[in-house]
**Student:** 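Handing you this structure, nothing more for now.
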Amino acid sequence: MAVPARHRSLVQSPRNKCFSPEERSQAVRELCNRRGTARKVAQSIGVSVPVLYKWKKDLISDEAYQSMRKRKSAPQDKNQDALLGEIQRLRKQIHQLQLERDILTKANELIKKDLGVSFLKLKNREKTLIVDALKKKYPVAELLSVLQLARSCYFYQNVCTISMR
């Protein structure tokens, strides 16, 4: 099966056609403010894409072009920082709520307490059971902090449990 030859269409300007500096600067403005591709801008003017970019390079220094781009992105960076901060805050809040939910669920499961009970009113022995049940999922220090259980009380309860066995 024969594959038809692909022809690459290039837009070439008529030979020896000179563009005035005003025409070149207008073309560069269209390139920088374009809504379509550089190829469409080049075709509308009647030059090739490399010629169009050469004009841009000649008319606009790289520093000026980069500074124009930075000014446009600066407000987005500030907004993006604010949004990233908000995301971080929400993630911490979600983690805290998941921890509290897991504590209440384990209290219901292990101690047969209602889900609405305040885990701060639990006895140290009950809090220790909850910490032991959740310490694979959450750090012990975090669990102790949320349950307001002193570290010494936690370890004392564990020692008492072991000696009772």
Side-chain angles (χ1 to χ4, degrees), residues 6-13 19-110 113-122 126-155:
R6 293 184 181 183
H7 296 296
R8 193 170 161 195
S9 61
L10 293 176
V11 176
Q12 294 185 359
S13 60
F19 290 91
S20 69
E22 292 82 24
E23 290 174 314
R24 290 180 183 199
S25 64
Q26 178 60 33
V28 171
R29 267 189 242 114
E30 287 181 31
L31 175 67
C32 292
N33 297 327
R34 69 178 182 248
R35 303 224 190 287
T37 63
R39 178 180 285 205
K40 288 182 181 178
V41 173
Q43 286 175 345
S44 70
I45 297 165
V47 296
S48 67
V49 174
V51 168
L52 186 60
Y53 277 106
K54 183 182 179 315
W55 290 351
K56 180 185 143 253
K57 184 178 178 184
D58 292 342
L59 290 173
I60 302 175
S61 70
D62 284 337
E63 292 175 18
Y65 183 69
Q66 292 303 325
S67 68
M68 287 188 295
R69 293 178 62 91
K70 286 180 185 174
R71 271 189 242 130
K72 289 181 180 178
S73 64
Q76 293 174 348
D77 290 341
K78 290 177 185 176
N79 192 21
Q80 186 176 9
D81 289 341
L83 290 174
L84 289 174
E86 180 71 7
I87 289 170
Q88 186 71 15
R89 186 187 68 75
L90 290 172
R91 284 185 178 154
K92 285 180 183 178
Q93 186 178 6
I94 288 170
H95 176 77
Q96 183 68 25
L97 292 171
Q98 286 174 333
L99 175 63
E100 290 175 11
R101 184 204 64 213
D102 289 346
I103 288 172
L104 292 173
T105 303
K106 282 297 175 189
N108 182 37
E109 226 175 84
L110 298 172
K113 296 280 185 180
D114 291 330
L115 286 175
V117 72
S118 171
F119 50 81
L120 300 177
K121 294 183 179 180
L122 298 175
E126 295 167 334
K127 290 179 182 179
T128 301
L129 290 172
I130 293 169
V131 171
D132 287 339
L134 294 174
K135 68 183 178 183
K136 289 183 180 178
K137 187 172 182 180
Y138 299 101
V140 172
E142 186 177 17
L143 290 165
L144 294 175
S145 173
V146 170
L147 288 167
Q148 295 182 359
L149 178 64
R151 190 174 167 190
S152 58
C153 291
Y154 169 71
F155 287 112

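Because the structure is predicted, anything quoted here is derived from the model rather than measured.
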**Student:** With the side chain counted from C-beta on, respond yes when Lys106 and Asp102 share a heavy-atom pair under 4.5 Å apart, and no when they do not.
**Tutor:**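 When only atoms from C-beta onward are counted, Asp102 and Lys106 do not touch, as no gap falls below 4.5 Å.
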**Student:** Can you check whether Arg89 reaches Lys92 side chain to side chain, under 4.5 Å on heavy atoms?
**Tutor:**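 With C-beta onward as the side chain, the pair stays apart.
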**Student:** Checking side-chain contact (heavy atoms from CB on, under 4.5 Å) against Leu122, which of Ile130, Leu149, Thr128, Ile103 comes through?
**Tutor:**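 Passing option: Ile130.
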**Student:** Start with the C-alpha distance between Tyr138 and Val146, add both sets of side-chain angles, then the distance that settles side chain to side chain contact (heavy atoms under 4.5 Å, CB included), and finish with yes or no.
**Tutor:** CA-CA 11 Å; Tyr138 299 101; Val146 170; over 6 Å; no
**Student:** Nearest 0.5 Å, please: how far is OG1 in Thr37 from CD in Gln43?
**Tutor:**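 Between atom CD of Gln43 and atom OG1 of Thr37 there are 7.0 Å.
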**Student:** Distance-only, no hydrogens or angles: does the Lys127 side chain make a donor-acceptor pair with backbone N or O of Leu147 under 3.5 Å?
**Tutor:**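 At least one qualifying donor-acceptor pair exists.
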**Student:** To the nearest 0.5 Å, tell me how far Thr105 OG1 sits from Leu110 CG.
**Tutor:**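 Between atom OG1 of Thr105 and atom CG of Leu110 there are 10.5 Å.
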**Student:** Atom CG in Leu129, atom CD in Glu109: separation rounded to 0.5 Å?
**Tutor:**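 Going from the CG atom of Leu129 to the CD atom of Glu109 covers 12.0 Å.
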**Student:** Do Leu97 and Gln93 make a side-chain contact, defined as non-hydrogen atoms from C-beta onward lying under 4.5 Å apart?
**Tutor:**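 Yes. Closest side-chain heavy atoms under 4.5 Å.
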**Student:** Atom CD in Glu126, atom NZ in Lys121: separation rounded to 0.5 Å?
**Tutor:**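 With rounding to 0.5 Å, CD (Glu126) is 13.0 Å from NZ (Lys121).
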**Student:** I need the single residue from Val49, Ile45, Leu52 that forms a side-chain contact (heavy atoms from CB on, under 4.5 Å) with Leu31. Which is it?
**Tutor:**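 By the side-chain contact (heavy atoms from CB on, under 4.5 Å) criterion, Leu31 pairs with just one of Val49, Ile45, Leu52: Leu52.
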**Student:** Is any side-chain heavy atom of Leu143 closer than 4.5 Å to a side-chain heavy atom of Tyr154?
**Tutor:**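 Leu143 does not reach Tyr154 side chain to side chain.
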**Student:** How many angstroms lie between atom OG of Ser25 and atom CD of Glu30, to the nearest 0.5 angstrom?
**Tutor:**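 Answer for the OG-CD pair, Ser25 versus Glu30, is 10.0 Å.
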**Student:** Step by step, would you call Arg151 with Val140 a side chain to side chain contact (heavy atoms under 4.5 Å, CB included)?
**Tutor:** CA-CA 9 Å; Arg151 190 174 167 190; Val140 172; over 6 Å; no
**Student:** Is there a donor-acceptor contact under 3.5 Å from the side chain of Ser145 to the main chain of Ala141?
**Tutor:**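 No, Ser145 side chain to Ala141 backbone: no donor-acceptor pair under 3.5 Å.
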**Student:** With heavy-atom distances below 4.5 Å as the criterion, would you say the side chains of His95 and Glu142 are in contact?
**Tutor:**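 Yes - at least one pair of side-chain heavy atoms lies under 4.5 Å apart.
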**Student:** Go through the side-chain N and O atoms of Gln26 and Glu22 and say whether any donor and acceptor fall under 3.5 Å apart.
**Tutor:**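 The answer is no; no qualifying pair exists.
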**Student:** Do you know which two heavy atoms are closest between Tyr53 and Ala38, and how far apart they sit?
**Tutor:**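 The answer is OH-CB, 3.5 Å.
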